[in-house]
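Letters go in sequence order (proteins before strands), and every chain restarts at 1. What you are looking at is a predicted structure, and each value in this text was computed from that prediction instead of being measured.
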Amino acid sequence: MDEQPRLMHSHAGVGMAGHPGLPQHMQEGTGGADGDGRKQDIGDILQQIMTITDQSLDEAQARKHALNCHRMKPALFNVLCEIKEKTVLSIRGAQEEEPPDAQLMRLDNMLLAEGVSGPEKGGGSAAAAAAAAASGGAGADNSAEHSDYRAKLAQIRQIYHTELEKYEQACNEFTTHVMNLLREQSRTRPISPKEIERMVAIIHRKFSSIQMQLKQSTCEAVMILRSRFLDARRKRRNFNKQATEILNEYFYSHLSNPYPSEEAKEELAKKCSITVSQVSNWFGNKRIRYKKNIGKFQEEANMYAARTAVNATNVSSHGSQANSPSTPNSAVLKMSHFHKNGIF
DNA sequence: ATAAATGATTTCGC
DNA sequence: GCGAAATCATTTAT
């Protein structure tokens, strides 16, 4: 790998006979005026062009300048342009427009939905609202945890934005750098604006793929945050005793059909100061757990049955007679009746 | 420390 | 979209 350049370099050295500054060399050629000398001249120039990249920076710079000033330069340049024209035509086929990436769209949408890429402060509350909606309730007790969540989300958003900006800046910097480079090079070799465009497009594609990675990891971070915090809904609290009693009361007094209507759920929710979904959850859990082990709930069932029975008698007897003989039998009977009927 | 209870979530069929 | 069932993650009881 080291061998080739050195070889070429030495070649160039030989061809150049010491290191005459190009102008003097030229003068010699012009003075000579015979065809042989001119051929030699062109050969030298081509050789120099071919080996220009093998030279040290200063050397190359000097030589480049010399070449630029060479009287043959326009002619050579035209030839190069011509050749390029032909080859470029064959290359041109490889230009496919990528459609807007579905994956990228998904990421963008999610980031927007989570309020990471959206507007500044409104995004946070939007995400919070979305989160609350997704959780299906529990809108009561979450100010502390919620602000914590929001703070973390803001942190993510901040990192995301600074990173994005950094990439953007780096991309722009790099692009202008490359463009300048190409523009500068276009003085010595033919570069069409189209090519520069293409180059810029390539650069942008590369950088946007990096951005996509950033978006991906940001999405991941948000997901983790969500599962950590909004699942902090799992940091549940048991309902207070009163609420549980109200719910149990309804359950056991509707044991034949323990499916409260939407209205009933709302009513229960209000009475227990919990959400409707929590009521639904409670009944779902209760039904399945009751069914799974009726025996275990027998006592509880009797108790609530007795209570409702007492209430009923109290109401019917207009509160005059303290009727407390607690006869749960009817309730129990009702209950077992429903069990046997295969309601469960 | 471990088991039981419990509210919430997920999965699946309708 | 609802409910059954399984499961998770926590709280409460032992």
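With a 4.5 Å cut-off on side-chain heavy atoms, A:F297 and A:Y304 do not count as touching. Counting only heavy atoms from C-beta outward, the side chains of A:I294 and A:Q298 approach each other to under 4.5 Å.
In this structure, A:R289 places its CZ atom 11 Å from P of B:dA8, rounding to the nearest Å. Rounded to whole angstrom, the span from the CG atom of A:N281 across to the C1' atom of C:dT7 amounts to 14 Å. Rounded to whole Å, atom C1' of B:dG7 lies 14 Å from atom CG of A:N240. Between the OH atom of A:Y290 and the P atom of B:dA5 there is a distance of 16 Å, given to the nearest Å. Counting to the nearest Å, the P atom of B:dT6 and the CZ atom of A:F251 are 13 Å from each other. Whole-Å rounding puts the A:R236 CZ to B:dT9 C1' distance at 12 Å.
Crowding of A:Q103 atom CD: a count of heavy atoms from other residues, nucleotides or ligands under 6.0 Å exceeding 12.
Remark: A:K291 is in phosphate contact with C:dA5, judged by side-chain N or O atoms under 4.0 Å from OP1 or OP2. Between A:K292 and C:dA4 there is no side-chain polar atom (N or O) within less than 4.0 angstrom of OP1 or OP2. Look at A:K286 and you won't find any side-chain N or O under 4.0 angstrom from OP1 or OP2 of B:dG7. The phosphate of B:dA8 (OP1 or OP2) has a side-chain N or O of A:Q278 nearer than 4.0 angstrom.
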Distance-only donor-acceptor hits, side chain of residues 262-270 of chain A, under 3.5 Å, sequence neighbours excluded:
unit_1, atom_1, unit_2, atom_2, d
A:K265, NZ, A:S280, OG, 3.2

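When all heavy atoms of A:I246 and A:K271 are compared, the pair lying nearest together is CD1-O, 3.8 Å. Residue A:R287 comes nearest to A:P260 through the heavy atom pair NH1-CD, 4.4 Å, listed as atom of the first residue, atom of the second, then distance.
As judged by a 4.0 angstrom heavy-atom cut-off over every strand, A:F283 is placed among residues making no nucleic acid contact. At a threshold of 4.0 angstrom between heavy atoms, the contacts of A:N285 include nucleobase atoms, whether or not backbone atoms are also involved.
By the 30° and 60° cut-offs, the orientation of the rings of A:F283 relative to A:F251 is tilted.
When the nearest nucleotides of DNA chain C are assigned to A:I288 and A:N238 by heavy-atom distance, the more 5′-ward of the two goes with A:I288.
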Which atom pairs link the protein and nucleotides 1-3 of chain C when you take only N or O atoms and keep those under 3.5 Å?
unit_1, atom_1, unit_2, atom_2, d
C:dG3, OP2, A:K265, NZ, 3.4

